[in-house]
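Numbers for residues simply follow the sequence, beginning at 1. Keep in mind that the numbers below use all heavy atoms, side chains included, and drop hydrogens, waters and symmetry copies. Note that the structure is predicted; figures quoted are calculated from it, not measured.
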Amino acid sequence: MLEALYLHIPFCASRCAYCDFVTQECHDDELMGAYVDALCLSIRRASKAGLLGGIKTIYIGGGTPSYLGPRRLSTLIYLLSVSIDLEQVDEFTLECNPDSLTERMVKDLYALGVDRISLGAQSFNDEELAQLGRIHDATAIRRAAEAVRTRDMALSLDLICGTPFQSEESWEESLAAALELSPEHISIYPLTVEDGTPLAARIETGSLAAPDEDVQADMMERAAEVIGQAGMTRYEVASYALPGHESRHNEAYWSGMPYLGLGCGAASMMDPETFAACRQARIFDAADPIASDAARIRFQARDDIDSYVAAQGCMAGEVETLSLQEAVCEDVMLGFRKTEGVAMSDLADAIEILPGLQEACERLQARGLIEERDGRLVPTTRGWLCGNELYGEVWDVAVQAKN
């Protein structure tokens with residue numbers, strides 16, 4: 001049964017210099033309206049097929065969902081309220097940018113059932129924000145946070161560290177400014193330079209230095225120290241929360257729970273039976289045959305907005321089939337993203353299915369990337385900082401078993 005629902009809004013007032021997400025700058029009201037209509041059709045089909053009865057978390061992301069404006073957002077969220085029993089939903093998050101969130105919007109969102117706002121702050125330094133291509137300033141972040149506080153809603157802030165135009169001092173100032181707003185949750189992401197972005201072009205021409213991974217690691221460690229002193233606990237490699245305010249939606253992803261993503265570029269993960277039901281309900285359009293030994297199905301919707309609108313909410317996309325061995329390996333790999341790591345009892349069950357995990361974990365322990373603690377294997381600080389090495393070692397076990 002599906003436990004998490006994600007809706008993707010692929011529109012922004014302006015595209016950031018580092019962004020390679022499925023989103024576009026859009027000032028076409030007709031296109032945005034047609035997209036919301038198509039998304040609503042997807043929701044109705046899923047509801048009619050009985051696929052939304054077990055939903056525990058809802059996350060509307062993008063792009064900039066708040067850029068849709070009050071009327072379109074209210075239409076979308078009202079439909080969710082009549083399609084899903086919101087009394088049974090543990091967490092309902094909306095991503096917002098500071099420039100498009102108002103007190104009136106917060107009032108309406110709260111009345112409709114949204115209880116958590118994820119605010120894309122990124123920095124509290126106006127010069128850094130401009131370099132990143134953000135169209136808000138630090139004052140707008142504070143104003144948006146104040147709007148959230150007019151209702152009983154949780155506040156999450158996103159910050160980016162290790163940009164070429166960031167100093168240790170400005171990073172300290174951004175951390176302090178974020179904590180002054182008393183958020184329940186903070187996510188810290190090192191800047192990733194993606195091909196095809198304006199930021200990548202500047203680095204390629206030599207007009208901007210590439211991010212220094214050692215500096216990024218130092219800033220991540222400093223963030224852990226400062227945020228920890230403020231009473232927030234690091235529960236995942238990039239995530240910190242006050243007790244009881246961990247992102248339940250993201251935890252569903254990291255725990256291997258089945259989820260449905262609707263909209264352009266959205267990802268879904270589920271068992272073969274639920275996937276077949278989504279096809280039958282005309283949520284997914286995919287001709288790929290499903291292997292008889294499939295344990296888990298991933299569906300990645302294409303990012304063509306016009307096609308999605310024309311197909312009236314039926315998503316074309318790519319299907320990836322995971323065998324039982326791959327699914328087990330993925331669960332262990334995702335477990336190492338979290339502070340709590342993987343229980344030794346769960347690891348023992350995984351090793352029965354995929355024996356190679358035993359030696360892989362021993363190698364990771366020998367390299368100081370994971371350690372045993374209170375009956376669990378947990379990532380070390382070095383393991384988090386060398387995440388690609390850690391996760392790659394685990395996933396290689398599934399690759400080798402498949403070959």
Could you walk me through whether Arg296 and Asp331 satisfy the salt bridge (charged side-chain N to carboxylate O under 4.0 Å, His left out) test, starting with their C-alpha distance in whole Å, then the side-chain angles of each, then the deciding distance to 0.1 Å, before giving a yes or no?
CA-CA 11 Å; Arg296 186 175 293 173; Asp331 287 344; 3.1 Å; yes
For the pair Arg71 and Asp29, find out whether any cationic side-chain nitrogen is under 4.0 Å from an anionic carboxylate oxygen.
no
Run the salt bridge (Lys or Arg N to Asp or Glu O under 4.0 Å) test against Glu225 and tell me which residues pass, sequence neighbours left out.
Arg222
Could you check if a side-chain atom of Val397 sits within less than 4.5 angstrom of a side-chain atom of Val332, using non-hydrogen atoms only?
no
Where Ile135 and Ser14 come nearest, the two heavy atoms and their spacing:
CG2-CB, 3.6 Å
Taking it one step at a time, do Leu129 and Ser123 satisfy side-chain contact (heavy atoms from CB on, under 4.5 Å)?
CA-CA 6 Å; Leu129 288 168; Ser123 172; 4.0 Å; yes
Which residues satisfy the side chain to side chain donor-acceptor pair (under 3.5 Å) test with Asp346, sequence neighbours excluded?
none
With a 4.0 Å cut-off on N to O distance, would you call Glu25 and Arg15 a salt bridge?
no
Quick check: closest heavy atoms across Asp126 and Ala138, and the distance to 0.1 Å?
OD1-N, 2.9 Å
Considering all heavy atoms, the nearest Cys361-Ile370 contact:
O-CD1, 3.7 Å
Determine yes or no for a side-chain-to-main-chain donor-acceptor pair under 3.5 angstrom, with Ser83 supplying the side chain and Arg44 the backbone.
no
May I ask you to decide if Ala4's main-chain N or O and Thr57's side chain share a donor-acceptor pair within less than 3.5 Å?
no
Around atom CD of Glu168, are there more than 12 heavy atoms of other residues, nucleotides or ligands at under 6.0 Å?
no
Any heavy-atom pair between the side chains of Leu86 and Ile58 that's under 4.5 Å?
yes
Do other residues, nucleotides or ligands put more than 12 heavy atoms under 6.0 Å from Glu127 CD?
no
Would you check, one step at a time, whether the test side-chain contact (heavy atoms from CB on, under 4.5 Å) holds for Glu359 with Arg363?
CA-CA 6 Å; Glu359 291 185 8; Arg363 290 193 296 270; 3.7 Å; yes
Test side chain to side chain contact (heavy atoms under 4.5 Å, CB included) applied to Leu68 and Val36, Thr75, Ile60, the passing residue
Val36
For the atom pair CD1 (Ile297) and CD (Glu273), what is the distance rounded to the nearest 0.5 Å?
9.0 Å
Counting C-beta onward and ignoring hydrogens, is there a side-chain heavy-atom pair between Ile141 and Pro98 closer than 4.5 Å?
yes
Are any non-hydrogen side-chain atoms of Leu199 and Cys16 less than 4.5 angstrom apart?
no
Aromatic centroids of Phe275 and Phe284 separated by under 6.0 Å
yes
Any side-chain to backbone donor/acceptor pair from Glu173 onto Phe124? Under 3.5 Å, distance only.
no
Ignoring hydrogens and geometry beyond distance, is a side-chain donor-acceptor pair present between Ser100 and Asn97 at under 3.5 Å?
no
Smallest heavy-atom separation, Ala145 atom then Leu119 atom, equals N-CD2, 4.1 Å
Hey, is the main chain of Ile43 close enough, under 3.5 Å, to the side chain of Ser47 for a donor-acceptor pair?
no
Around atom CG of Asn388, are there more than 12 heavy atoms from other residues, nucleotides or ligands closer than 6.0 Å?
no
Donor-acceptor contact below 3.5 Å, side chain Thr380 vs main chain Leu369:
yes
For the residue pair Leu52 and Leu80, establish whether any side-chain heavy-atom pair is separated by less than 4.5 Å.
no
Enter the distance from Leu112:CG to Ser81:OG here, rounded to the nearest 0.5 Å.
6.5 Å
Test item: Ser255 side-chain N/O and Ala252 main-chain N/O as donor-acceptor pair under 3.5 Å
no
Derivation and outcome, salt bridge (charged side-chain N to carboxylate O under 4.0 Å, His left out), residues Arg302 and Glu318
CA-CA 7 Å; Arg302 298 198 184 104; Glu318 306 300 326; 3.0 Å; yes
Are any non-hydrogen side-chain atoms of Arg143 and His136 less than 4.5 angstrom apart?
no
Please work out which of the three classes, parallel, tilted or perpendicular, describes the rings of Tyr235 and Trp254, given edges at 30° and 60°.
tilted
Can you say whether the rings of Tyr253 and His249 are parallel (under 30°), tilted (30 to 60°) or perpendicular (over 60°)?
perpendicular
Is the number of heavy atoms from other residues, nucleotides or ligands within 6.0 Å of CD (Glu221) greater than 12?
yes
Report the residue from Arg248, Glu91, Arg116, Glu95 that forms a side chain to side chain donor-acceptor pair (under 3.5 Å) with Tyr59.
Glu95
Within the side chain of Arg134, is there an N or O that forms a donor-acceptor pair under 3.5 Å with the backbone of Gly120?
yes
Between Asp303 (side chain) and Cys264 (backbone), is there a donor-acceptor pair under 3.5 Å?
no
Classify the side-chain pair Gln131/Thr163 by whether it contains a donor and acceptor separated by less than 3.5 Å.
no
Thinking salt bridges, do Arg149 and Glu184 make one under a 4.0 Å N-O criterion?
yes
Answer yes or no: is there a donor N or O on one side and an acceptor on the other, between the side chain of Gln300 and the main chain of Gly265, under 3.5 Å?
yes
Just do the side-chain contact (heavy atoms from CB on, under 4.5 Å) check on Leu260 and Thr274 with the steps written out, would you?
CA-CA 10 Å; Leu260 174 63; Thr274 305; over 6 Å; no
Does any N or O in the side chain of His245 come within less than 3.5 Å of the main-chain N or O of Ser156, such that one atom is a donor and the other an acceptor?
no
With heavy-atom distances below 4.5 Å as the criterion, would you say the side chains of Ile227 and Arg234 are in contact?
no
Looking only at heavy atoms, the pair that brings Ala177 and Arg142 closest together is CB-NH2, 3.8 Å
More than 12 heavy atoms from other groups under 6.0 Å of CZ on Arg382
yes
Just wondering, more than 12 heavy atoms not from Phe165 lying within 6.0 Å of its CZ?
yes
Steps toward side-chain contact (heavy atoms from CB on, under 4.5 Å) verdict (Leu357, Val394)
CA-CA 7 Å; Leu357 283 171; Val394 176; 4.0 Å; yes
For the residue pair Leu334 and Arg337, establish whether any side-chain heavy-atom pair is separated by less than 4.5 Å.
yes
Please list all pairs meeting ring pair (Phe, Tyr, Trp, His ring centres under 6.0 Å) that have one or both residues in residues 308-350, counting only residues at least two apart or in different chains.
Tyr35-Tyr308
